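Sequence lines set the chain letters: A, B, ... in the order given, protein chains first and strands last, and positions in each chain run from 1. Treat the numbers as computed from the prediction; the structure is a model and nothing was measured.
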There are 2 protein chains.
Amino acid sequence: MAAGRDESVDTIQRELTAFARRARATAARLHPELSLVSYTLLAHIDAQQGCRATDLAAHYLLDKSTVSRQVATLEKLGLVERRPDPADHRVQVLHPTEAGTRALSSTQASRRAAYQERLADWSTEDLDRFAAYLIRYNGSA
Amino acid sequence: MAAGRDESVDTIQRELTAFARRARATAARLHPELSLVSYTLLAHIDAQQGCRATDLAAHYLLDKSTVSRQVATLEKLGLVERRPDPADHRVQVLHPTEAGTRALSSTQASRRAAYQERLADWSTEDLDRFAAYLIRYNGSA
DNA sequence: TCCTTACCGTTGTACTATACAACTGAATGT
DNA sequence: ACATTCAGTTGTATAGTACAACGGTAAGGA
């Protein structure tokens with residue numbers, strides 16, 4: 001341990017990137033019924049209690065056309081519904097459907113179980129600090 | 001802070017996943033000349049001082065056909081060369097070319113600068129601990 | 001009020017990344 | 001020797017993504 005500053009930053013870069021590159025395959029193995037892409041969009045819609053396509057694009061750094069198509073897919077699958085915003089007719093407020101909520105719950109259960117297992121031998125303090133670091137890192141965009 | 005165990009695990013899952021979903025776009029902005037995919041493969045080849053396609057597939061959880069095509073692209077770009085393994089004629093040992101090393105250096109410089117800036121106000125201790133957590137997490141696959 | 005500008009979303013198009021299956025060729029182990 | 005396992009390629013299909021052009025709605029002046 002006790003690495004230099006630069007070395008730590010390089011490690012953080014390398015490990016975060018490696019994780020990112022494995023995320024798709026990991027998700028596919030964990031929950032084949034909902035791809036990582038669908039999962040993340042649905043999860044954000046749910047967590048926000050309804051959000052716009054533009055919000056999704058901003059949150060995940062995606063083009064709005066990409067989000068438009070992904071949302072269309074989710075709608076076709078019956079997982080998401082669009083509600084008109086009475087205050088602004090340009091906006092569609094996205095909400096999970098009943099089926100969407102169920103799919104999300106099941107997927108999150110798989111993911112939660114996998115993470116729980118993988119982090120089983122971590123102390124509560126380490127988990128808490130790791131979570132805080134991640135929030136701090138992601139928050140500094 | 002002082003969240004419960006389950007809450008911390010959920011946070012870790014959520015934040016890591018959000019990072020993963022943003023990684024592609026972030027990389028494209030940071031270094032348009034080398035996509036995240038090319039970068040990661042080249043970086044691993046370089047870090048290992050020569051490795052096989054199979055090793056790349058295992059490290060990033062990719063199908064060997066995917067790696068085969070990516071390596072072909074890197075070779076066509078003149079960034080990677082294949083050397084026969086004298087001990088096993090099935091194996092091609094991959095190495096960065098001179099141009100590959102240069103491209104990697106330049107890309108890593110961009111990335112390093114971005115991460116340095118983003119982590120500028122972190123204490124050395126926090127960086128060290130965050131790096132250690134990431135290694136521990138990724139190592140527990 | 002009208003016009004310009006900004007914003008939200010869709011569609012056309014093209015390309016990249018990926019997986020799975022079938023295959024070739026080379027090593028390994030009965 | 002023969003079956004099996006291993007490394008890599010190729011055919012094929014699909015998902016995810018960006019960019020550009022567009023239509024419709026809202027907002028802010030002149």
Side-chain angles (χ1 to χ4, degrees), chain A residues 17 20-42 45 50-77 79-94, chain B residues 17 20-42 44-45 48 50-77 79-94:
Chain A
T17 306
R21 286 287 280 141
R22 289 187 266 239
R24 183 187 296 239
T26 302
R29 182 173 49 72
L30 233 56
H31 45 82
E33 72 283 1
L34 208 54
S35 76
L36 180 65
V37 168
S38 298
Y39 165 70
T40 52
L41 298 184
L42 192 51
I45 292 169
C51 77
R52 303 172 303 160
T54 296
D55 301 333
L56 292 174
H59 191 248
Y60 292 119
L61 304 182
L62 296 169
D63 191 82
K64 55 189 179 160
S65 66
T66 300
V67 174
S68 173
R69 285 177 229 268
Q70 293 297 337
V71 169
T73 301
L74 288 174
E75 192 188 25
K76 199 160 293 175
L77 291 171
L79 303 178
V80 157
E81 69 181 8
R82 316 172 187 230
R83 301 186 193 156
D85 182 345
D88 188 337
H89 287 191
R90 294 173 301 183
V91 171
Q92 300 171 351
V93 185
L94 305 171
Chain B
T17 305
R21 285 289 280 141
R22 288 187 268 238
R24 184 186 297 240
T26 302
R29 182 174 49 72
L30 233 56
H31 45 81
E33 73 282 1
L34 209 53
S35 76
L36 181 65
V37 168
S38 298
Y39 166 70
T40 52
L41 298 185
L42 193 51
H44 192 72
I45 291 170
Q48 301 299 302
C51 76
R52 303 173 304 159
T54 296
D55 300 333
L56 293 173
H59 191 249
Y60 291 119
L61 304 183
L62 296 168
D63 191 82
K64 56 188 179 161
S65 67
T66 300
V67 174
S68 174
R69 285 177 230 268
Q70 293 297 337
V71 169
T73 301
L74 288 174
E75 192 189 24
K76 199 160 294 175
L77 291 172
L79 303 179
V80 156
E81 69 180 10
R82 315 172 188 229
R83 302 186 192 157
D85 182 345
D88 187 337
H89 286 191
R90 295 172 302 185
V91 171
Q92 301 172 350
V93 185
L94 305 171

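Between the CG atom of D55(A) and the P atom of dC8(C) there is a distance of 8 Å, rounded to whole Å. Regarding L41(B), its CG atom lies at a distance of 15 Å from the P atom of dT16(C), rounded to whole Å. To the nearest angstrom, P of dA7(D) lies 13 Å from CG of L56(B). K64(A) places its NZ atom 9 Å from the C1' atom of dT10(C), with the value rounded to the nearest Å. Here the P atom of nucleotide dA6(C) and the CZ atom of R52(A) are 17 Å apart, to the nearest Å. Rounded to an integer number of Å, the gap from CG of L62(B) to P of dG16(D) is 16 Å. Note: CZ (R22(B)) to C1' (dG16(D)) measures 18 Å, nearest angstrom. Here dC15(C) presents its C1' atom at 17 Å from CG of L36(B), a figure rounded to the nearest Å.
In this structure a side-chain-to-backbone donor-acceptor pair under 3.5 Å is missing from D88(A) to D85(A). Put simply, the side chain of T40(A) gets close to the backbone of L36(A): a donor and an acceptor are under 3.5 Å apart. Side-chain N or O atoms of T26(B) include one that pairs as donor or acceptor with a backbone N or O of R22(B) at under 3.5 Å.
By the 30° and 60° cut-offs, the orientation of the rings of Y60(B) relative to H44(B) is perpendicular.
Scanning both residues, A23(B) and A20(A), for their nearest heavy atoms gives CB-CB, 3.8 Å. P86(B) approaches P84(B) most closely through the heavy-atom pair CD-O, 3.3 Å. The minimum heavy-atom distance linking L94(B) with A53(B) is given by the pair CD1-N, 3.9 Å.
Using a 4.0 Å heavy-atom cutoff across all strands shown, L61(A) reaches sugar-phosphate atoms only and no base atom.
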Could you go over nucleotides 24-30 of chain C and give all protein N or O partners under 3.5 Å, atom names and distances?
{"unit_1": "dA27(C)", "atom_1": "OP1", "unit_2": "H89(B)", "atom_2": "N", "d": "2.7"}

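With contacts defined as side-chain heavy-atom distances shorter than 4.5 Å, the pair D55(B)/Q48(B) does not qualify.
Out of dA18(D), dG9(C), dA7(D), the shortest distance to the side chain of D63(A) is found at dA18(D). You'll find that the side chain of R24(A) is closest to dG16(D), out of dG16(D), dT9(D), dA19(C).
The CZ atom of R69(B) sits 7.5 Å away from atom OG1 of T66(B), with the distance rounded to the nearest 0.5 Å.
Close to dT17(D), at under 4.0 Å from its OP1 or OP2, lies a side-chain N or O of R21(B). Close to dT10(C), at under 4.0 Å from its OP1 or OP2, lies a side-chain N or O of R82(A).
The stretch residues 65-76 of chain A touches DNA chain D through S65(A), T66(A), R69(A), Q70(A), each having a heavy atom under 4.0 angstrom from the strand.
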